[in-house]
Amino acid sequence: MKKHTLMGDKIEKLREIWSEKTKSIEENERLKLSYLYEKVLYFKISDENDVIRLAMMAYGWMPTMNKGRMISSEIDLTSIKELLINIQNTSEPETAFKLVFEEGKKIIEKFIKITNNSVVGLSKTLHILNPQIFPIVDKHLYNGIKNYGHHIGFKLESKKIDLNFYKDFTKHLIIDMKLEQVREVEKMLFDLGKEISINNKK
């Protein structure tokens with residue numbers, strides 16, 4: 001109970017900081033992003049072609065395009081499809097974590113090729129499949145963690161957005177903090193990181 005209360009206090013502190021420091025992010029922008037975001041959640045994988053569709057869908061709200069240069073007949077789409085279906089169907093955080101970062105790591109490393117060799121793209125595909133468990137990571141969230149991650153007890157070890165960083169951050173949210181929904185904390189850190197970028201441009 002004490003640990004749960006402590007985590008609750010940390011999240012509340014992050015909420016206070018977020019509320020104060022992200023005022024320049026306009027409300028209509030928040031609503032627009034929310035509308036687009038909700039339309040792609042819980043995409044169902046049914047065949048190998050859906051693996052490619054999912055990867056392309058994730059790039060629908062990214063500044064770069066997935067040009068499919070790494071997609072080839074040598075990639076085993078069937079094994080990727082089966083893993084993604086298992087990831088989608090689990091509601092147990094530790095099971096989902098092991099599927100991605102332990103048992104299915106080699107398959108995930110192949111799937112990353114379909115997402116432009118991008119962990120950002122990977123994180124978005126996993127979030128689309130199972131948004132309660134897998135957070136989205138990008139440069140704004142990374143920047144938010146660098147400056148505010150200590151408020152939730154997360155120590156940044158990686159110097160770039162790689163699979164180890166994504167593994168550590170996901171583990172902290174769903175196993176260490178035992179969050180039932182990762183989106184709020186992830187979104188607050190994203191907004192805080194984006195605010196830093198906006199201020200740096202002024």
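Predicted model, so just to flag it, every value in this text is computed and none were measured.
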Exercise for review: Give, for atom NZ of Lys10 and atom CG of Leu14, the distance between the pair rounded to the nearest 0.5 Å.
Suggested key: 11.5 Å
Review point. Is any side-chain heavy atom of Asn164 closer than 4.5 Å to a side-chain heavy atom of Glu157?
Key: no
**Study point:** Side-chain donor or acceptor of His140 paired with backbone N/O of Ser197 under 3.5 Å
**Key:** no
Point to revise | Aromatic plane relationship, Phe154 with Phe165 - under 30° parallel, 30 to 60° tilted, over 60° perpendicular | key: perpendicular
Check your understanding: Which value, rounded to the nearest 0.5 Å, describes the distance between Leu126 atom CG and Gln88 atom CD?
Key -> 11.0 Å
Review point. Is a side-chain donor or acceptor of Asn130 paired with a backbone partner of Thr90 at a separation under 3.5 angstrom?
Key: yes
Check your understanding: Could you state the interatomic distance from OG (Ser118) to CG (Asp162), rounded to the nearest 0.5 Å?
Key -> 11.5 Å
Check your understanding: Which pair of non-hydrogen atoms, one from Lys160 and one from Tyr142, has the smallest distance, and what is that distance?
Key -> N-OH, 3.4 Å
Review point. Does Arg15 pair with Glu12 as a salt bridge, N-O distance under 4.0 Å?
Key: yes
Review point. Does Asp9 pair with Lys13 as a salt bridge, N-O distance under 4.0 Å?
Key: no
Check your understanding: Under the 3.5 angstrom rule, does the side chain of Ser19 hit a backbone N or O of Glu16 as a donor-acceptor pair?
Key -> no
Review point. So, Asp50 side chain and Arg53 main chain: donor-acceptor pair closer than 3.5 Å or not?
Key: no
Check your understanding: When rounded to the nearest 0.5 angstrom, what distance separates CD1 in Ile17 from CG in Asp191?
Key -> 13.5 Å
Check your understanding: Do Leu41 and His127 have side chains that get closer than 4.5 Å, going by heavy atoms?
Key -> yes
Practice item. Flag the pair Lys98 and Glu103 as a salt bridge only when some basic side-chain nitrogen lies within less than 4.0 angstrom of an acidic carboxylate oxygen. Key: no
Point to revise | Contact check, side chains of Phe97 and Lys167, non-hydrogen atoms, under 4.5 Å | key: yes
Practice item. Hey, could you give me the CG/CG distance between Leu54 and Leu84, rounded to the nearest 0.5 Å? Key: 6.5 Å
Exercise for review: Return the orientation label for the Phe101 and Phe134 ring planes: parallel under 30°, perpendicular over 60°, tilted otherwise.
Suggested key: tilted
Exercise for review: Determine yes or no for a side-chain-to-main-chain donor-acceptor pair under 3.5 angstrom, with Asn199 supplying the side chain and Glu195 the backbone.
Suggested key: yes
Check your understanding: Which value, rounded to the nearest 0.5 Å, describes the distance between Lys194 atom NZ and Lys187 atom NZ?
Key -> 7.5 Å
Point to revise | Working for side chain to side chain contact (heavy atoms under 4.5 Å, CB included), residues Ile108 and Tyr166 | key: CA-CA 12 Å; Ile108 287 295; Tyr166 189 49; over 6 Å; no
